[in-house]
Number of protein chains: 2
Amino acid sequence: MARNRPYTCGLDAAIDVVGGKWKATVLWMLEDQGPLRFGELRRQIPAVTEKMLIQQLRELEADGLVHREAYHQVPPKVEYSLTDYGRTLEVALRPLGEWGHANMARIEATHA
Amino acid sequence: MARNRPYTCGLDAAIDVVGGKWKATVLWMLEDQGPLRFGELRRQIPAVTEKMLIQQLRELEADGLVHREAYHQVPPKVEYSLTDYGRTLEVALRPLGEWGHANMARIEATHA
DNA sequence: CAGTATCCGTTCCGATACTG
DNA sequence: CAGTATCGGAACGGATACTG
């Protein structure tokens, strides 16, 4: 998802980072509930496939927004959490989330 | 672009609406400069093709965010502007735009 | 549990040519 | 000026099966 660089405005850049299909949801979950394991994330986003979830997590990690902590155990355990940088994004995202929440009915009605 | 409904959070819904490749840019232009003609938008977003620009405008119009005013003249003249609803979105988008602006160097460096 | 690997249809998007 | 039409490649994304 490196779409149209160089960016024409900050909004472009931000949406490029957070525009992936499940990224906003993941950021929201991690902010709301603290560190979560792969399986916990998966269960809480019922429609996501493993492939998509891991892909989005990897991209968030590469962007420095999410930290991946692997515990070397059997069975394996991996926890994902927001980085400080990720938290700054989450804060910037909050008004947009509230807008979406407030206008969800309208969005579902008009948006194809 | 109706991606994953029903939405899991307001952020999902909002990004579904504004996540199109050029939509953020268009909203930003219209807020920043007031009503603009098709050709003016096109010139100010050099990388966009006519096809994509009109497609994104149509979707923004269908979502009620942008108003299209056609003047029946020869040669034709069409002006696009934000609706009141569109302005509420633009306000909600502003912190995200500032975040993107502030972190653009980092985004360009880390984001594939 | 936390992933990989592969297949494959769908959607996105750019390029180009044309029109009222 | 402000679009429309068509083509084709690339990226996205779901389903399924498999692994350390």
Side-chain angles (χ1 to χ4, degrees), chain A residues 1-8 12 15-26 29-30 35-63 66-81 111-112, chain B residues 1-8 12 15-26 29-30 35-63 66-81 111-112:
Chain A
M1 255 241 177
R3 304 191 311 170
N4 47 349
R5 298 196 281 154
Y7 299 116
T8 43
D12 269 342
I15 290 198
D16 201 5
V17 166
V18 83
K21 186 165 184 179
W22 305 100
K23 289 184 183 177
T25 308
V26 168
M29 296 273 173
L30 292 181
L36 289 174
R37 301 179 60 168
F38 182 81
E40 292 173 322
L41 277 169
R42 179 157 163 47
R43 269 190 300 282
Q44 300 203 34
I45 315 176
V48 78
T49 61
E50 292 183 351
K51 173 188 163 185
M52 288 313 298
L53 181 56
I54 193 65
Q55 178 185 305
Q56 304 281 294
L57 283 168
R58 291 273 138 89
E59 290 183 22
L60 290 170
E61 190 191 358
D63 283 335
V66 159
H67 172 70
R68 176 182 186 274
E69 184 72 36
Y71 300 86
H72 298 285
Q73 312 173 353
V74 181
K77 169 179 172 181
V78 177
E79 269 189 349
Y80 293 91
S81 55
H111 198 70
Chain B
M1 253 239 179
R3 303 189 311 171
N4 47 350
R5 299 195 284 156
Y7 299 116
T8 43
D12 269 342
I15 290 198
D16 201 4
V17 167
V18 84
K21 186 166 184 180
W22 304 101
K23 290 184 183 177
T25 309
V26 168
M29 296 275 171
L30 292 182
L36 289 174
R37 300 180 60 170
F38 182 82
E40 291 174 322
L41 277 168
R42 180 157 163 47
R43 269 190 300 281
Q44 300 203 33
I45 315 174
V48 79
T49 62
E50 292 183 350
K51 173 188 163 183
M52 288 314 297
L53 181 55
I54 193 65
Q55 179 184 304
Q56 304 281 292
L57 283 168
R58 290 275 138 90
E59 291 182 20
L60 290 169
E61 190 191 357
D63 282 336
V66 159
H67 172 70
R68 177 182 185 273
E69 183 73 35
Y71 300 85
H72 298 286
Q73 311 171 166
V74 182
K77 170 178 172 181
V78 176
E79 268 189 352
Y80 294 91
S81 55
H111 197 70

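The chains referred to below are lettered A, B, ... by the order of the sequence lines, with proteins before strands, and numbering in each begins at 1. The structure displayed is predicted, hence computed values, not measured ones.
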Would you mind writing out the side-chain donor-acceptor pairs for residues 46-54 of chain A within the sub-3.5 Å range, not counting sequence neighbours?
{"residue": "T49(A)", "atom": "OG1", "partner": "M52(A)", "partner atom": "N", "Å": "3.3"}
{"residue": "E50(A)", "atom": "OE2", "partner": "R42(A)", "partner atom": "NE", "Å": "3.4"}

Name all residues meeting the side-chain contact (heavy atoms from CB on, under 4.5 Å) criterion together with [X]; count only those two or more places apart in sequence or in a different chain, and write none if there are none.
| X | result |
| --- | --- |
| E40(A) | L36(A), R37(A), R43(A) |
| V66(B) | L27(B), L30(B), L60(B), Y80(B), L82(B) |
| P76(A) | none |

So, using side chain to side chain donor-acceptor pair (under 3.5 Å) as the criterion, who are the partners of E69(B) when residues are at least two apart?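 In terms of side chain to side chain donor-acceptor pair (under 3.5 Å), with neighbours along the sequence ignored, E69(B) is linked to H67(B).
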
Quick one: list whatever passes side chain to side chain donor-acceptor pair (under 3.5 Å) with Q44(A), sequence neighbours left out.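 Counting only residues at least two positions away or on another chain, Q44(A) forms a side chain to side chain donor-acceptor pair (under 3.5 Å) with Q33(A).
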
Using a cut-off of strictly less than 4.0 Å, decide whether R58(A) has a side-chain nitrogen or oxygen near OP1 or OP2 of dT4(C).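 So the side-chain polar atoms of R58(A) do come within 4.0 Å of the phosphate oxygens OP1 or OP2 of dT4(C), strictly under.
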
What contact category does Y71(A) fall into here, base, sugar-phosphate, or nothing, at under 4.0 angstrom with non-hydrogen atoms?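 It contacts nothing in the nucleic acid.
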
From CD of Q55(A) over to C1' of dT4(C), roughly how many Å is that when rounded to an integer?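 So the two atoms are 13 Å apart, to the nearest Å.
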
L53(A) CG to dC12(D) C1': how many Å, rounded?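 Going from CG in L53(A) over to C1' in dC12(D) covers 16 Å.
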
Distances under 3.5 Å only, N/O to N/O: pair up the protein atoms with those of nucleotides 5-9 of chain D.
none

With pairs defined as Watson-Crick or G-U wobble and both distances under 3.5 angstrom, please note down DNA chain C as a dot-bracket string, | for pairing with another strand. ||||||||||||||||||||

Please list, by residue number, the residues of residues 39-49 of chain B whose heavy atoms come closer than 4.0 Å to an atom of DNA chain C; answer none if no residue qualifies.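 By residue number: T49(B).
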
Which atoms of nucleotides 17-20 of chain D (N or O only) lie under 3.5 Å from a protein N or O atom, and what are those distances?
none

